[in-house]
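Below you'll find the structure, written out as structure tokens, and then a few comments.
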Amino acid sequence: MKYLNDGNNLLQTETRLCHVGRNPDKHAGMVNVPIYRGSTILSETLEEWQSRKGCPVASYGRFGSPLSRALEAAVCELEGGYRSILFPSGLSACTHSLLGMLKAGDHLLISDSVYQPMRIFADQVLTRLHIEVQYFNPTQGSALSAKIKENTRAVYLESPGSLTFEVQDVRTLGAIAHQSDALVIMDNTWATPLYFKPFEHGVDISIHAATKYIVGHSDALLGIATANKAAWPALQSSAHHFGEIAGPDDIYLALRGLRTLAVRMKQHWDNGLKLAQSLQTHPAVDKVLYPALPNDSGHELWKRDFLGASGLFGVVLKPMSWPQLSVFFNSLRLFGIGASWGGYDSLVLLVDPPSERTEAPRAFEGPLIRIHAGMEDANDLIADMHYALQAAGEVEGGRVVCREEGATTG
Ligand SMILES: *Cc1c(COP(=O)(O)O)cnc(C)c1O
């Protein structure tokens, strides 16, 4: 079989998704790169062993296998970076990207709408290592410039932000960071490698929780980080020195998931948009937080920078009592209640309002929920959601305001 040579990037994304990272010639003609299990990699001769020692990847299983190389090459090509490396979870990719860059005395700036486990890691682990952590308002470039210091080593972005979905002007924020020689690290999970091209916007390290859309079936945890040439050595050594290695079964599932990413994303985007539009005008809904909606505050930036939208968005409900909220959730038949997202299944989750934010606080009168539009039929999803909202509206007992703390402790 001919090796796919797409050095000129002439092929469309859908075509590349079906071919990147494959080489059946090397795997007995198998369409998919098989699962490699191995710690020891044998050499035939002492001379071969000696020659491999300079190349860790070829000398020991902890540095990867032909299967991990295949997924890394595929994601790297889609992202447009220099090299990629796998981690056993999305969070691990985030934390090690930072640990590879930072040392005691460095200053780190993080977007205030960042994925909450990252915030906990920064506040509890990085500060213990004497790394100074500060947050900035994700929607204001000027807020970032004002906070940059001589020792600012990295700026950490996530667009749109977790839970509240603020779109960031990555290009502008990146330019500000680079003026001061700070690296730009971005969590690109929401958009997938298909809908936002981080390296065209000045990002130095891009991260995906492959657990979400790349795996796509809610059955594996995996992270992947991609660097440009300058940031690659630090990223790679951070993975190697910490002994991070993803399991072969999970890598296989992610590479398999990647093949269908384009068709799945079209359905998630379409369903997300239809569902969000139908909720926007619902009397029980206060606000829908989804940059793909034309009246969302991030819509113009999203249109400028993104090539599509995922099926994940936020909804602020009008204040309702706990019994009403309970009836709403428990009346849903097609939406599972659970963490994570990116699988074929639809999900809904009551999320804590972002009360820990210091720079761009967001307070809501009613409960905040996060919806993941799966791959079901859009009208079925809309009908299910509206049925549950109506059931909640019919609950007797007054309209007790579900205040922020009520959402977590109730
Ligand atoms: C889920 C998620 C992660 C972490 O991924 P895990 O595989 O669950 O560790 C990181 N960033 C974002 C934006 C996520 O949604």
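Start at 1 and go down the list; that is how both ligands and their atoms are numbered.
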Exercise. Are Glu77 and Arg16 ion-paired here, with the side-chain N under 4.0 Å from a carboxylate O?
Worked result: yes

Exercise. Between the side chains of Ser162 and Gln116, does any donor sit under 3.5 Å from an acceptor?
Worked result: no

Exercise. Which atoms of ligand 1 are found less than 4.0 Å from any heavy atom of Leu221?
Worked result: 7 (O), 8 (O)

For this session: Name the option, out of Asp187, Thr189, Ile207, that contains the heavy atom nearest to atom 11 (N) of ligand 1.
Result: Asp187

Problem set entry | Close-contact set for ligand 1 against Gly90 heavy atoms, below 4.0 Å | 4 (C), 5 (O), 6 (P), 7 (O), 9 (O)

Exercise. Are Ser111 and Gln168 linked by a side-chain donor-acceptor pair shorter than 3.5 Å?
Worked result: yes

For this session: Determine, using heavy atoms of Trp190 and all atoms of ligand 1, whether some pair is separated by less than 4.0 Å.
Result: no

Exercise. In Å and rounded to the nearest 0.5 Å, what is the CD to CG distance from Gln134 to Leu108?
Worked result: 9.5 Å

For this session: Select one of side chain, backbone, both or neither to describe which atoms of Leu91 lie under 4.0 Å from any atom of ligand 1, heavy atoms only.
Result: both

For this session: Identify whether the distance between the nearest side-chain nitrogen and carboxylate oxygen of Arg153 and Asp181 falls below 4.0 Å.
Result: no

Exercise. Any idea which atoms of ligand 1 are less than 4.0 Å away from a heavy-atom of Trp341?
Worked result: 15 (O)

For this session: Say whether Lys212, considering both its backbone and side-chain N or O atoms, lies within less than 3.5 Å of an N or O atom on ligand 1.
Result: yes

For this session: Give yes or no for whether the N/O distance cutoff of 3.5 Å, strictly under, is met between Thr211 and ligand 1.
Result: yes

Problem set entry | Atom OH of Tyr195 with >12 non-hydrogen neighbours under 6.0 angstrom | yes

Exercise. Testing Asn137, Asp112, Thr164 for side chain to side chain donor-acceptor pair (under 3.5 Å) with Arg357, which one passes?
Worked result: Thr164

Problem set entry | Contacting atoms of ligand 1, where contact means under 4.0 angstrom from a heavy atom of Glu158 | 13 (C)

